[in-house]
Amino acid sequence: MKRSGSTVQYQVVAELIERNGLGQRIGFADQESVAAVLQEAQAAKGFAVMKTHEPFIEFDQPIQLGNVRAFYTFRDLRAVALSNMQKWQMPFADVIARNGLLDNVVSSSLKFLSFPGVCVSRYEDIVSSLAGEIGKWGHALGLPMTIQRAEELAAEFSLDAQRARIDKIRTLKPGDYDRRSLLHHGHIVDGSVDSWKTKLERWQIREIENRFGEWLLSRGYELTIDNLHT
């Protein structure tokens, strides 16, 4: 899911694959690049680690053949809305519209979560216990992961460490990103879990909950007090 910690998940999974000699990272696949990225993946020796926000139809055959290990992150949709609005100056109308941002991330979520054996992480858990999530990712790859090793990787890919990486890529042109880390300028807005509570308008929160309340509740997120009593 966009703005849900997917980059750090990609970075850590790629590091685990590469450091254990099991394959290589390929990069990011979007609508324009998915065919080329998959072609590169097919030529790779071992695992080819890629990141995407969309469950493209091109993934269906490899998944059906059992050639894919899927990892997925998701986040409170109210935080997703705020993060995209802040990051991309996206109008709220584009967030809440039919076939808008939240409709698309929810429909993509349903598809990703249907993948066999998908390893799922909540953004909130990544923030509060990155080492625990890293241990889970290693287990999903069939790699032994001690608590100490997970904690070392968590420190290596902490928010502060990521901000330091971003500071080092300031020579990139606006709109470009680092091909290895997938980080770019302004990649991290604030990294908080619940800033949406104070930075979204009450009516915006209400609209999101009215449209996506069932999704939020089913994934352990509470609705606001106002909406619980109306």
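With sequence neighbours excluded, the residues satisfying salt bridge (Lys or Arg N to Asp or Glu O under 4.0 Å) with Asp60 are Lys111. By the side-chain contact (heavy atoms from CB on, under 4.5 Å) test, Thr52 pairs with Ala29, Glu54, Phe56, Phe59, Phe112, sequence neighbours left out. Evaluation of the side-chain contact (heavy atoms from CB on, under 4.5 Å) rule for Glu40 yields Ile26 as partners, not counting sequence neighbours. Residues passing the salt bridge (Lys or Arg N to Asp or Glu O under 4.0 Å) test with Arg75, sequence neighbours excluded: none. For Asp160, the side-chain contact (heavy atoms from CB on, under 4.5 Å) partners at least two apart in sequence or on another chain are Ser158, Arg163. Shown here are the ring pair (Phe, Tyr, Trp, His ring centres under 6.0 Å) partners of Tyr221, two or more places apart in sequence or in another chain: there are none. Residues satisfying the side-chain contact (heavy atoms from CB on, under 4.5 Å) criterion with Lys199, sequence neighbours excluded, are Leu82, Gln86, Asp190, Ser195.
Within the structure, salt bridge (Lys or Arg N to Asp or Glu O under 4.0 Å) contacts touching residues 99-109 (residues at least two apart or in different chains) are Asp103-Arg211. Sorted by first and then second residue, the pairs that involve residues 134-151 and meet salt bridge (Lys or Arg N to Asp or Glu O under 4.0 Å), not counting sequence neighbours, are Glu133-Lys136, Arg149-Glu152. Listed by first and then second residue, the ring-ring contact (aromatic ring centres under 6.0 Å, His included) pairs involving residues 10-50 are Phe28-His53 (not counting sequence neighbours). Among residues at least two apart or in separate chains, side chain to side chain donor-acceptor pair (under 3.5 Å) pairs with a member in residues 22-31 are Glu15-Arg25, Glu18-Arg25, Asp30-Ser33.
For the pair Met50/Leu38, a side-chain contact is recorded, criterion being any heavy-atom separation below 4.5 Å from C-beta on.
Apart from Val127 itself, the hydrophobic cluster it occupies contains Tyr123, Val193, where clustering links Ile, Leu, Val, Met, Phe, Trp and Tyr at side-chain heavy-atom distances under 4.5 Å.
Annotation: cation-pi pair Arg78/Phe212 absent, no NZ/CZ under 6.0 Å from the ring centroid and within 45° of its normal.
Side chain of Arg179 to main chain of Tyr177: a donor-acceptor pair is present (N/O by atom type, distance under 3.5 Å, no hydrogens or angles).
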